[in-house]
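Report on one structure; see the data block that follows.
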Amino acid sequence: MALTLSMSAFQAASSAYIFFRSKRYWVFCSPGTGLKAAPPAARAGTAKARSKHRTAHRIGFLPTMKRRSLSRLPARVPSESPWPNGARYCKINLSAKTAPREDRSMAKERDEKAITTRSQDYSQWYQDVVLRAEMADYSPVKGCMVIRPNGYALWENMQKALDGMFKQTGHVNAYFPLFIPMSFLSKEAEHVEGFAKECAVVTHHRLGAVEGGGVGPAPDSVLEEPLIVRPTSETVIYAMYSKWIKSYRDLPLLLNQWANVVRWEMRTRLFLRTTEFLWQEGHTAHAAHEESWGEVTKILEIYRRFAEEWMAVPVLTGVKTDAEKFAGALKTTCIEAMMQDGKALQAGTSHDLGQNFAKAFDVKFQDETGGWQYCWQTSWGVSTRLIGALIMVHSDDQGLVIPPRLAATHAVIVPIYRDEAGKAKVLEVARALKERLSASGLGIVLDDRDTVSPGFKYNEWELRGVPVRLEIGPRDVEQGVCVAVPRVPTRELREGEKRQKETLALDGAPEHLKALLDDLQKALYARALQFREEHSYTIDDYAQFQADIEKGGFFWAHWCGSGACEAKIKDETKATIRCVPFEAKKEPGACMVCGAPSEQRVVFARAY
RNA sequence: CGGGGCGUGGCGCAGUCUGGUAGCGCACUUGCUUUGGGAGCAAGGAGUCGGAGGUUCAAAUCCUCUCGCCCCGACCA
């Protein structure tokens, strides 16, 4: 494309030439001649042409034309200057992006309409989905995010479902303060160790004017004891428990709180790890260890059911190793899910705290015999991270996929029409349909914008993850039907079928739609489970493991139980033991690393 | 805290090497034609080029200093 011509040739020929410079083309027009590109010439004159070109700058004015005006250039340049300032040449800026038409429209399709695909760049895909579906956005504060209405609606539905399950099992909600006296954190040794590095500390209680303008902490407002912003609430809550619990009759105490917490993480990712996040933390106190352990497993079962039945995310349940457990707990149990890149995500934890915190905070009760005993405690939580899990398990290259049971909007109705008369007729039917579906308890949106085309709406609602789209056009109105398209197929596609399209009779539409939503919920779970199974391997050879871990997935392997072998594996492969699964069958074997005997396989994976 | 990258209309970027009227695509506004898979044409609005100094007739571009963000590592749900 390098078209270079000397200035003298330009002057002599008095016709239009194109100079190549960087990514720009300079078009010089002379009076009375047509525009034409000069033939590719030798590059020899390049340096000279450059200096001439700079001269040209000084000759006068270079009006810049917008690319779209290019087509309006007269075939023959009139002898009068076309430009207001009398210049007889113009500059056209043709950057890399303003290439020939076909290329541009393809680039447009690729760069601006579609999201990054999972195979191109998984974490970019995840970001694209979250931002484009308007689930969340970055905030002015580094590491923090704004949860937008689309994301928050999902969280509200999760809260509703979980809260119901907690209440059903005898838990009640309360709220404890955001600030914790700094000294509280140091009462449980392991706990400090675990959280000290990521605590935000409040040291002042007032701002004052600062020299040179602005505001800063007022020097005379230093707090006597600094406060920390809760990274979790064990300490404040148990300080209160020690006040409230006196007798075995006060037990069990089963509290939960919905709250925000702050952990000053070094690296953050939307929903998966942010400096501030929303969660639920349950804190219970019991009279005996077997009772508190019963609570731990009961809650874990609630988490498992919620993940599988509501989120349609299959999870493994199990116990964390000592290296991975909660700081201050005797034992940590967890649910672990597999993302589409084969990495594991801890989706919820339920801890057996034993009497560790009871001793640190003096949480004691008198038993039937009048003797004093320390309580047995548990704590458990799930966070907005679940939203990240949900996205990474179900969504695809079209965008978000929300399982029907958690969706705020179950279906969107897209009306299709050609003219005003048709529009009126179709909209009338669409509105009636919306009323009937909404009345049956479903979240329905009628997208009657006429500023965008139906195709645009299809793509937009798919991006937002709405489970079902209902299309109503003139043909459908005549036949008393609508076309339902599930976000993800609920059955095998037929020959020549690009997308699953179901024709639903408008009569009984609520029932038909509900059935389709049920099918979709099941299909999503089945698909996720199948993915996990296809990416789970049993493995005995460590060398093989080191190679295979690169491709992701869950690896069921024997492990002797020593922290040394666990650390070695983490060092060498970045894989951790996600859990010692409950559902694993007992099976004697030899540790993958050291060969020492092992009773069952544990699950290794790289994790978020 | 180490290594890398980037700050230019709302978003994504070109232009910086070689100083010379701030551009492109998307989005937005208006009008007409469109509408069963991301519509077309036309006309418009919108940027003190992250900030502060300096060099120059002239700085997005060169020099100095700053601030911020993103990515990759060490920590974590």
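Predicted model, so just to flag it, every value in this text is computed and none were measured. Chain letters run A, B, ... following the sequence lines, proteins first, then strands; residues in each count from 1.
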With A:R273 as the cation and A:Y608 as the aromatic partner, state whether NZ or CZ is under 6.0 Å from the six-membered ring centre and within 45° of the axis.
no
[atom1] atom, [N] versus [M]: distance in rounded Å?
{"N": "B:G40", "M": "B:U34", "atom1": "C1'", "value": "8 Å"}
{"N": "B:G5", "M": "B:A58", "atom1": "P", "value": "33 Å"}
{"N": "B:G12", "M": "B:A27", "atom1": "C1'", "value": "11 Å"}

So what's B:U29 paired with, Watson-Crick or G-U wobble, going by both distances under 3.5 Å?
B:A43
For B:A74, give its Watson-Crick or G-U wobble partner with both distances under 3.5 Å, or none.
none
Would you say the base of B:G37 and the side-chain of A:E462 have a donor-acceptor pair closer than 3.5 Å?
yes
Parallel, tilted or perpendicular, judged at 30° and 60°: which one describes the rings of A:F166 and A:W380?
tilted
Fit a plane to each ring of A:W279 and A:F277, take the angle between them on a 0 to 90° scale, and name the class: parallel (under 30°), tilted (30 to 60°) or perpendicular (over 60°).
perpendicular
Which residue, A:R418 or A:F456, contacts RNA chain B at a nucleotide closer to its 5' end, judged by nearest heavy atom?
A:R418
Is it true that A:K574 and A:E550 make a salt bridge, defined as a side-chain N closer than 4.0 Å to a carboxylate O?
no
Where the side chain of A:I416 is defined as all heavy atoms beyond and including C-beta, which of B:G38, B:G36, B:A77 is the nearest nucleotide?
B:G36
In residues 463-479 of chain A, which residues come under 4.0 Å of RNA chain B by heavy atom?
A:R469, A:E471, A:G473, A:P474, A:R475, A:D476
Can a side chain N or O of A:R273 be found less than 4.0 Å away from OP1 or OP2 on B:C76?
no
Is the phosphate of B:A39, meaning OP1 or OP2, less than 4.0 Å from a side-chain N or O of A:S453?
yes
Judged by atom type as modelled, is there a donor-acceptor pair below 3.5 Å linking the side chain of A:K434 to the main-chain atoms of A:I413?
no
Say whether, by atom type as modelled, one donor and one acceptor occur between the side chain of A:Q340 and the main chain of A:M392 under 3.5 angstrom.
yes
Sole candidate of A:E324, A:H351, A:Q346 that passes side-chain contact (heavy atoms from CB on, under 4.5 Å) when paired with A:T332:
A:H351
Is there any protein nitrogen or oxygen under 3.5 Å from a nitrogen or oxygen in nucleotides 71-73 of chain B, and what are the pairs?
from  : atom 1 : to     : atom 2 : distance (Å)
B:C72 : OP1    : A:R267 : NH2    : 2.8
B:C72 : OP2    : A:R267 : NH1    : 3.3
B:C72 : OP2    : A:R267 : NH2    : 2.4
B:G73 : OP2    : A:R267 : NH1    : 3.0

